[in-house]
Amino acid sequence: MRTHYCGDLSAANLDQIVTLAGWAHRRRDHGGVIFIDLRDREGLAQVVCDPDRAEAFATADRARNEFVLRVKGKVRRRPEGTTNPALRSGEIEVLAHEVEILNPSLTPPFQLDDDNLSESVRLQYRVLDLRREQMQKNLRLRYKVTMAVRKALDALGFIDIETPMLTRSTPEGARDYLVPSRVHPGEFFALPQSPQIFKQLLMVAGFDRYYQIVRCFRDEDLRADRQPEFTQIDIETSFLSEDEIRAMMEKMIRAMFKETLDIDLPDPFPRMTWAEAMGRYGSDKPDLRVPLELTDLTDLMKSVEFKVFRGAAEMPGGRVAALRVPGAELSRKEIDDYTQFVSIYGAKGLAYIKVNDKSKLPEGLQSPIVKFLPAETLAQVLERTRAENGDVIFFGADKAKIVNDALGALRVRVGHEKGYAGKGWRPLWVVDFPMFEYDDEGKRWSAMHHPFTAPKDGHEDLLASDPGNAISKGYDMVLNGSEIGGGSVRIHRADVQAKVFIALGISDEEASAKFGFLLENLQFGAPPHGGIAFGLDRIVAMMTGAESIRDVIAFPKTQRAQCLLTHAPSPVDEKQLRELGLRLRDKPKA
RNA sequence: GGAGUGGUAGUUCAGUUGGUUAGAAUGCUGCCCUGUCACGGCAGAGGUCGCGGGUUCGAGUCCCGUCCACUCCGCCA
């Protein structure tokens, strides 16, 4: 039906008779001559229709935007002065001999070259949205990324094994999407939140190196970087240490960036412990493009009168920290904005000091809190933060989580807003995650990573005696402030796994009911193993510069987890419900 | 569950202090135009101001509720 892609035509095709097929991107009717920009997946080519060929001209006259056309014609050089350097095929044009309308189109609801469209219009007409050049590029980059991953992993001896989509519900973690079983009335499958347990079982089964580019499901609220179904690059290996696993994964990520964007990432990636990341950046996924850092002042503030600081410093699990912003010209309004900004993270205020003249204490400092702090303490603050004249120092004093969240987020915001952020790609391993974090609401310990993460060698006894200080063999790969992958060395011994379940308050009965198949199989010679899962959507979104992963997913859902194209989810027939043995508690509103 | 931004023509938006017939650009339709490429010119059609209620002589504008889209907090082992 066709001989060439529109976007591939060039001067190399001069004088050839070609047949193109594609969509009428734009039509310019000059009365005596009609230009049609014909578009296919490779790009545009200008088709010229002369009245000399009456039939082709008449057809071109009827054509409208997004009509599907087949054009046969001769490639010729454009007249001097009419070339279009913005177009790959801009030196040539196709003189139409025949034009056929393969299919007309309704008038599209928006212009395809409009890049200022609302999200709901785009999602409602997703098919047309996907025709736009940007979306075509995004999805093709996504394909290239997965190809690079498969190539790299294949070269390292990994094999792709599929795991069930219909599996069983797990107690901890996100809400499951449930699928009722017709054959077992009252029982449900769950869609996997990740193939975690299956990939561990595959290690026990001796496959040694597994990977899968796999859909995962979590029934939680959405964000710009969270969809109810998303794609993970899921990897597991046997007989490798933490360091060996990370080295291998770095290699894959470097290959991915090199092959798709021709970017050289550092070798090796820098590495930082979780504790250091929290201390210096207030975050377990620091954006290293921003050079600003937090300074800890907790010990210093234990002895001051100022109740806000002292109270936080003396509170168990409290923290006082400073964020120095060098040479910051901050207006009162900006500081007010920042104060409001940190309040979303639970901070009750945002104390600050403007350093006007550090040689004169305290009058060289401009701040509502200077009067509460002794000159000696102020001098210490200036020294520790290495403050210079013209700097602004922000303070956080509260529970460590609030201080870290607030100052950590402020650091990133100020860093980018005020132009401190460097360019480029800054990967980082964050390692030595704690085993557990305390859940204030549930009054219990919960797994920081997941309950199959191994404790550091020598930390097994802490699981029971001091769970808060038990360190794990868990690690995250962070890129420019986003967590792009997370993994760990797993527990391969049933007795250690049982201890973790106890620490998490999961009883023997519950553990064997929910994870019996894992615990049992760990006893059949489970090898030491570990792995990682990367968020494909996030990685590709970052690579394309997209603000949301919706822009790298062909058919994403809205924030209320609906598909505006298909209108899923939808009610089902009473008959279907009856077959499944289900009755709705509340009849949906008609 | 909570905080915020937005919803007006097919699309993207403007709409003053509550005041006559709700505008612009673009798209669409028709006519004209032989070198444009965001073609140009002329004319025309196109509106449940998200929805419901209230205040008012009068509501796109004020109030209450509600729905939808987006961002964030919680949540996401």
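Protein chains get the first letters and strands the later ones, always in sequence-line order, with residue 1 at the start of each.
- Across all strands, A:Q562 comes closer than 4.0 Å only to sugar-phosphate atoms, never to a base (heavy-atom distances).
- Note on A:R26: only backbone sugar-phosphate atoms sit closer than 4.0 angstrom, heavy atoms only; bases stay farther off.
- Within 4.0 Å (heavy atoms only), A:R550 reaches sugar-phosphate atoms of the nucleic acid but no base atom.
- Pair assignment for B:C33 gives none, since no Watson-Crick or G-U wobble pairing has each distance under 3.5 Å.
- Side-chain proximity of A:L117 to B:U12, B:G30, B:C37: nearest is B:U12.
- Counting only heavy atoms from C-beta outward, the side chains of A:V540 and A:N138 never approach each other to under 4.5 Å.
- Residues A:R413 and A:V342 fail the side-chain proximity criterion, which asks for heavy atoms closer than 4.5 Å.
- Note on A:N116: only backbone sugar-phosphate atoms sit closer than 4.0 angstrom, heavy atoms only; bases stay farther off.
- Ring geometry for A:F341 against A:Y345 counts as perpendicular: the plane angle is over 60°, on a 0 to 90° scale with 30° as the lower cut.
- Rounded to whole angstrom, the span from the CG atom of A:D225 across to the P atom of B:C75 amounts to 15 Å.
- The side-chain contact (heavy atoms from CB on, under 4.5 Å) search around A:F198 returns A:T163, A:P164, A:T167, not counting sequence neighbours.
- In this structure, A:Q111 and A:R26 have side chains that are in contact, with non-hydrogen atoms separated by less than 4.5 Å.
- Counting to the nearest Å, the C1' atom of B:A38 and the CZ atom of A:R39 are 15 Å from each other.
- The nucleotide whose nearest atom lies closest to any side-chain atom of A:D114 is, among B:G27, B:C70, B:U11, B:U11.
- For the pair A:D61 CG and B:C33 C1', the interatomic distance rounds to 13 Å; values are reported in whole Å.
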List every contact pair, protein side and nucleotides 2-10 of chain B side both N or O, where the distance is under 3.5 Å.
{"unit_1": "B:G10", "atom_1": "O2'", "unit_2": "A:P109", "atom_2": "O", "d": "3.0"}

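- Note on ring orientation: taking the six-membered ring where Trp is involved, the planes of A:F501 and A:F515 are parallel (angle under 30°, cut-offs 30° and 60°).
- Pairing partner, B:G19: B:C57, with both Watson-Crick or wobble hydrogen-bond distances short of 3.5 Å.
- Closest contact between the side chain of A:R28 and the listed nucleotides B:U36, B:C70, B:C28 involves B:U36.
- Using a 5.5 Å limit on the distance between ring centres and a 30° limit on the angle between planes, the aromatic ring of A:H30 counts as stacked on the six-membered base ring of B:C39.
- Counting heavy atoms from C-beta outward, A:M435 and A:K456 have side chains that stay 4.5 Å or more apart.
- Put simply, the side chain of A:R27 and the base of B:G27 share no donor and acceptor less than 3.5 Å apart.
- At the heavy-atom level, A:R538 lies nowhere under 4.0 Å from the strands shown.
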